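What follows is one structure encoded as structure tokens, with my remarks underneath.
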Protein chains: 2
Amino acid sequence: MTHIRVRSLVVESARPSEPCAACDARPFSVCNAIDQRDIERLAALAASLTVEAGRTFIEEGDPAEHFFNVTAGTAKLFKLLPDGRRQITGFAPMGTFLGLAVSSTYAFGAEAVEPMRICRFSRFKLRALLDDFPAMEKRLLEVASNELVAAQEQMLLLGRKTARERLASFLVTRAACTANGATPCGHRAAEKVTLPMTRSDIADYLGLTIETVSRTLTRFKTERLIDIPSASEIVMRDHAALESLATGLH
Amino acid sequence: MTHIRVRSLVVESARPSEPCAACDARPFSVCNAIDQRDIERLAALAASLTVEAGRTFIEEGDPAEHFFNVTAGTAKLFKLLPDGRRQITGFAPMGTFLGLAVSSTYAFGAEAVEPMRICRFSRFKLRALLDDFPAMEKRLLEVASNELVAAQEQMLLLGRKTARERLASFLVTRAACTANGATPCGHRAAEKVTLPMTRSDIADYLGLTIETVSRTLTRFKTERLIDIPSASEIVMRDHAALESLATGLH
DNA sequence: GACCCGCCTTGATCTGCATCAAGGCAGAAT
DNA sequence: ATTCTGCCTTGATGCAGATCAAGGCGGGTC
């Protein structure tokens, strides 16, 4: 396998045969708005990259030259204040389309939480291609609308929920998204939730500190709401109680 | 003028002659993506409504049957917790398009801060019309992208900024949006900022309490950063200092 | 003009979460 | 096997902002 280092990311020469056709992420992604026979045009634009865990592949403020599609692994999206305070605005699992923005620079940074594979498109070229595929543009609007709804929910969490409610919301949402079968956001709540991110990431996502996250989780454990077999695994023991906590009922 | 009460909103029979053509909000709105000769098709779908200050015209959780366009006045958009805690997720000034959502129910409520005029469209009919006007769909995607960026900025504010930084951010953003000339979001910072919303609204927008908002503003005053000629008017005396406060520099 | 009613300001006190501090633990390197 | 290192947990203390409480102020009504 040939690797070429470009801007500190590993670029693989796009396999000529089945670049998009055999993509694991396609069923979860905006790409599936384009049908089989047109997919090659999209594939021609895509560069497949590998991103190692911990690597920042979008730098806030950099010129926004690319769109990305997460094909494996998870990224965290974040904004920073000059003194280092960080707000993680979301996690981007497989299938997530990144880089929607009208501005010419990225409004947020992105860093791999786990080893990732991403698909990279030239913003300029994709824009031209979108004119030919209104179905994909429609899909993008849907995606953006959904993210807007999620963002509003997160504002409610950050502005008005207690630490307990935030953690409960986080776990419940994760459980819904990790659900059995489909990886990104199925609809049956999972028993076991895997947390690929660190406590620090969770804290920065929920507007708390590491210590509060840790304490709150251990308190949930003593209250028999969850089990914590390992730091990155949570078992939901009382889903109903967590859900009502998440919605603000005590 | 004929008024017809419908679902506790005042509906005016759409003036047959110039419903959209002479609309004040059009230059600021997604409608301007549709050119002059097609605007009548849009106008045929629109109902022009008057909303009195304080009236809720979108109820969170209600079936989402309509899209709205704010043609005059300002609305607050909010989410509630069962015990009454409220997060205002944004203010919608003239030109704002409301109701983007894939779900069949509204994800947020909307209430008039000032007397408003809004343009109401059937979701179903507008969706059909959008297929004929890809330019408008593009515009919607742009709008949604911009709101997503704003939402991320607000998450940073809610999750990581201090009360002083939140108020400073709020004032600076308002100043940019109230700027001279164009009402919604010009690009020169205004000297005087008008706040049509109450302290309670500001508090619920910034994730604070009324008291903290009030105290912080009076402290800004004693520090000569602002003047407060009346409760709903703020004069920016030291814009630079407020801006650096807003970005987290002390 | 007097009263009322919302809204805003200001002061006193409380508290949930942050901060400071000290290990514990598990996987990686040697 | 031992040490190291990064991450996590737990405890003690502090503080920003919430809560509780008491007027002030301005605009509307009678």
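Computed from a prediction, not measured in an experiment: that's the story for all the values here. In what follows, chains carry the letters A, B, and so on, assigned in the order in which the sequence lines appear, proteins first and then strands, with residues in each chain numbered from 1.
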| message | Side chain of B/Thr198 only, heavy atoms from C-beta on: which candidate in C/dT9, C/dC8, D/dT9 is closest? | response | C/dC8

| request: Using five pairs at either end of the helix from C/dG1-D/dC30 to C/dT30-D/dA1, determine the angle between the two local helix axes and round it to 10 degrees. | output: 30°

| request: Find the distance B/Arg85:CZ to D/dA18:C1' and express it as a whole number of Å. | output: 13 Å

| field | Given C/dT10, D/dC8, C/dA18, the nucleotide with the shortest approach to the side chain of A/Arg199 | value | D/dC8

| message | Pairing donors with acceptors under 3.5 angstrom, does anything connect the side chains of B/Thr216 and B/Arg164? | response | no

| query | Base, sugar-phosphate, or nothing: which does A/Gly207 touch, judged by heavy atoms less than 4.0 Å apart? | reply | sugar-phosphate

| said: Among C/dT10, D/dT19, C/dT19, which nucleotide has an atom closest to any side-chain atom of A/Glu211? | reply: C/dT19

| task | Classify the nucleic acid contact of B/Leu208 as base, sugar-phosphate or nothing, counting any heavy atom under 4.0 Å across all strands shown. | result | sugar-phosphate

| field | Pair A/Glu233 + A/Lys192: basic N to acidic O under 4.0 Å | value | yes

| note | Rounded to the nearest 0.5 Å, the CD atom of A/Glu153 sits from the OG1 atom of B/Thr89 at a distance of 10.5 Å

| Closest non-hydrogen atom pair between A/Ala25 and A/Met94, with its separation | CB-CG, 3.5 Å

| request: Between C/dT10, D/dC8, D/dT10, spot the one nearest the side chain of A/Arg215, thanks. | output: D/dT10

| request: Remember a base hit wins even if backbone is also touched, and classify A/Thr218 as base, sugar-phosphate or nothing at under 4.0 Å, heavy atoms. | output: sugar-phosphate

| request: Could you check which of D/dA18, D/dT9, C/dC8 has an atom nearest any side-chain atom of B/Thr212? | output: D/dA18

| request: Using distance alone, with no hydrogens and no angle criterion, decide if B/Ser214 and B/Glu211 have a side-chain donor and acceptor under 3.5 Å apart. | output: no

| request: Scan side-chain atoms only and decide if A/Thr71 and A/Arg117 contain a donor-acceptor pair under the 3.5 Å cut-off. | output: no

| If you round to the nearest 0.5 Å, how far is CG of B/Leu206 from CD of B/Glu165? | 12.0 Å

| message | Under a plain distance cut-off of 3.5 Å, with no hydrogens placed, do A/Thr209 and A/Thr212 share a side-chain donor-acceptor pair? | response | yes

| message | Within residues 152-165 of chain A, which residues have any heavy atom lying less than 4.0 Å from an atom of DNA chain C? | response | A/Thr162, A/Ala163

